[in-house]
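Proteins come first, then strands; the chains are lettered A, B, ... in the order of their sequence lines, and each starts at number 1.
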Number of protein chains: 2
Amino acid sequence: MAKRRQAVTIKHVASDAGVSLQTVSRVVNKEPGVRPEMASRVQASIDKLGYVPSIAAQRMAGSRSYLILALNDRERTIADWRARQGTDWLDQMLLGGMLTCAEHGYRMIVELVDTHSDHIERELMGAIAALQPDGVILTPPHSGNPLIINLLAAQGISFARIGSLTEGPGIRLIMDDTRAARIATEHLIAQGHRRIGFIAGPDDYELSAWRVDGWREAMAAADLEAVDLLGDGDFSYASGRAAAQALLALTRPPTAIIGGNDQMTLATLDVARERGMNVPRDLSVISFDDTPIIRLARPPVTAVVQPIAEVSARAVSLIIADLGQSPHDGTPVTVAAQLTLRESTAPPVAVENGT
Amino acid sequence: MAKRRQAVTIKHVASDAGVSLQTVSRVVNKEPGVRPEMASRVQASIDKLGYVPSIAAQRMAGSRSYLILALNDRERTIADWRARQGTDWLDQMLLGGMLTCAEHGYRMIVELVDTHSDHIERELMGAIAALQPDGVILTPPHSGNPLIINLLAAQGISFARIGSLTEGPGIRLIMDDTRAARIATEHLIAQGHRRIGFIAGPDDYELSAWRVDGWREAMAAADLEAVDLLGDGDFSYASGRAAAQALLALTRPPTAIIGGNDQMTLATLDVARERGMNVPRDLSVISFDDTPIIRLARPPVTAVVQPIAEVSARAVSLIIADLGQSPHDGTPVTVAAQLTLRESTAPPVAVENGT
DNA sequence: CTGAAAGCGCTAACAG
DNA sequence: CTGTTAGCGCTTTCAG
């Protein structure tokens, strides 16, 4: 392979325009203090020669790398890819993140990191040393990991934390899971449901607890008993089955169940079917994730739609702003999730009395 | 933002190990000509300090960038993301590509490029100048684009072309669409079908024609007439509807239809349902894409499973090999697709005579 | 087998 | 407002 060098460098532009390297650099970086006529002359040469700065050189010279790292959980991401169930968390993230990056001349690089590894630190530092990203986007469960957060802060890298409210450095963004859970629960209550179950996610995802909180709040506000209606899951289909089975085997089973994510909701649907129950007639179901599998299920499932693309876009914007003049003030940013009604929810056949 | 420098550089390692920069460099790059004891001493310092080379510096100094660019069609990719139908082409590509990259110390960067733009050249050159990737993976319809191919070849960049057999430079990889289409068709013939329709994709995808070829071959081999059974589509749902409607409105309609991709197959399913036909009793259907939407359809659809992850993995391996000692010889690489039987295919109710 | 010198493309810090 | 100088971290020569 022939040794490849930059085809057209800042030098070519400088000599073509008859100015110094520095002037070209200033024009490229839109720095002030260049006479308009000079600037347009330089710009003309840039366009003519098709000059594009090398990010490697820019980074080397102490400027930016124009790279933003999106850190995702390795195990879960690979499992989702392999399962081919249409889980599109990462896709939505790319949609929002990549496009926003592109608008600002940045690129997004996806990096998978083991959550439960004892050498997260080495992995992360390796990626940072190799790539020298200007910013990092953390997704759950990394976004709440103090090790990662402090490491990034120590490196002086701008980073966004999606789905975490844990105190600490970094730009925090949430989708207000508590509110979304409350709205979902209220919707069921408004339909006449009194016994509403909730299948929670695992503890290492902060949002698991938030969702439970929203459900609890709505139940309490309506004076409904919730204590025995909380199912225990870990986001997996199997855990969803177990939780749904336990809930439906109660003496006074719920007439509606909210699943903490799509897989557990799907499991609930299957368990209900196996028990000869019709959804939504005998059991209403709401999912806390609007993946294709939920949309294509029979019946199509009412779901909380997470604005992942929008959150990612915001995360990128905020990181880039933070890099520049307007450092982030630390206030968490909220992007509202929505409840999309479909055919899996209906008033209960026989309304029971709460408590 | 504090100016960030490499935390630990080759210099630190060199002084820690008491050797020259050069020796460290040789150890890092596994170059021969370093005494084992020396090498292990250096390696110890590397591990101790957690040194990771900066790819920016490596690239600057004329070495590799350890970056591989995955070029995808912008319009289609974004449309798929927005539609949230679970299309996981890109995900499968990342699965195979990213993991294989990681094994070799490379990173994969996804880049979206407009196919029909008149400035593809500028876009591509911009990405290359900015990132200086060591390799590029081209997906349809880019993989057959002579402008792109020649540009890459002129730059001396290793690149893989997935789904294109057009003559020219680059490592070609295909999934043997012709064979897959033949197998799908043969399966239907074996079930007793004589009138088998095929809905083709758009011309700018070479594989569209290959799939049609496989169907034609199988039909011809069984002495079946095919000429009036070719539907015209462009991979969109709407085009699939139109084609399916046209086919089913024939005087002697097909008893089975193979859709050129998932959306067109889905459209076929819907059209059949609207006409009061039961699948598979009144119409057998096979999809040429095994996306979640096809797997979750009612009934679950028999489909050709494209080994996208495997092809991407191979593409990365071949590019990296090409970069090193074993330049690729130009022979197209084939990875076989498989037919996964589900519930959308059955023998026809009344067997007609072909021709 | 190992080291020293030069330079990749660019920007920061100074001068003019 | 513009140009000059000195590196950034690494690999490539080319000497020892």
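- Atoms NZ (B:K30) and P (D:dT11) sit 12 Å apart, rounded to a whole Å.
- Between B:S25 and D:dT11, a side-chain N or O to OP1/OP2 separation shorter than 4.0 Å is present.
- In the set C:dG3, D:dG3, D:dC8, D:dC8 carries the atom at the smallest distance from any side-chain atom of B:K11.
- Of the residues in residues 35-45 of chain B, none has a non-hydrogen atom less than 4.0 angstrom from any atom of DNA chain D.
- At a threshold of 4.5 Å between non-hydrogen side-chain atoms, the residues B:I148 and B:L138 count as touching.
- Phosphate contact (OP1/OP2 of C:dG3, side-chain N/O of B:T23, threshold under 4.0 Å): present.
- In this structure, the CD atom of A:Q132 is 8 Å from the P atom of D:dG9, given to the nearest Å.
- To the nearest angstrom, P of D:dG9 lies 9 Å from CZ of A:R59.
- Rounded to an integer number of Å, the gap from CD1 of A:I55 to C1' of C:dT11 is 15 Å.
- Across all strands shown, A:V28 has no heavy atoms under 4.0 Å from either base or sugar-phosphate atoms.
- With hydrogens and angles left out, the side chain of B:Q22 and the base of D:dT12 share a donor-acceptor pair within 3.5 Å.
- For B:Y66 and D:dC10, the shortest distance from a side-chain N or O to OP1 or OP2 is not below 4.0 Å.
- With rounding to whole Å, B:L49 atom CG is found 14 Å from D:dG9 atom P.
- A sub-4.0 Å separation between OP1 or OP2 of C:dG9 and a side-chain N or O of A:S54 is absent.
- Within the 4.5 Å cutoff, no side-chain heavy atoms of B:N29 are placed close to those of B:P53.
- The closest side-chain donor-acceptor pair between A:S164 and A:R161 falls under 3.5 angstrom.
- Distance from the side chain of B:S20 is smallest for C:dG3 among the nucleotides D:dG7, C:dG3, D:dC10.
- Put simply, CG on B:L21 is 14 Å from P on C:dA6, counting in whole angstrom units.
- Salt-bridge annotation for A:R107 and B:E111: present, with a side-chain N of the basic residue lying under 4.0 Å from a carboxylate O of the acidic one.
- Ranking D:dC8, D:dT11, C:dA12 by closeness to the A:E31 side chain, first place goes to C:dA12.
- In summary, the side chains of B:R64 and B:Y106 do present a donor paired with an acceptor at a separation below 3.5 Å, with no hydrogens or angles considered.
- Residue side chain A:R26 reaches the base of D:dG3 through a donor-acceptor N/O pair under 3.5 Å, judged by distance alone.
- The main-chain N or O of A:C101 is never found under 3.5 Å from a side-chain atom of A:H104 such that the two would form a donor-acceptor pair.
- One interatomic measurement links the two molecules: CE of B:M60 to C1' of D:dG9, which rounds to 9 Å at whole-angstrom precision.
- Using a 3.5 Å distance cut-off with no hydrogens or angles, the side chains of B:T166 and B:E206 do pair a donor with an acceptor.
- Looking at B:T100 and B:S312, their side chains never come closer than 4.5 Å, going by heavy atoms from C-beta outward.
- Under the 3.5 Å distance criterion, the side-chain polar atoms of B:S317 are matched with a main-chain donor or acceptor of B:A313.
- Over its length, the helix from C:dC1-D:dG16 to C:dG16-D:dC1 turns its helix axis by 40°, as judged from the five terminal pairs at each end, rounded to 10°.
- Judged purely by atom type and a 3.5 angstrom limit, B:T23 has no side-chain atom pairing as donor or acceptor with the backbone of B:V19.
- Among the protein residues, B:Q58 comes within range of the sugar-phosphate backbone only, with heavy atoms under 4.0 Å from sugar or phosphate atoms but none that close to a base.
- Residue whose closest nucleotide on DNA chain C sits further toward the 5' end, between B:V34 and A:I10: B:V34.
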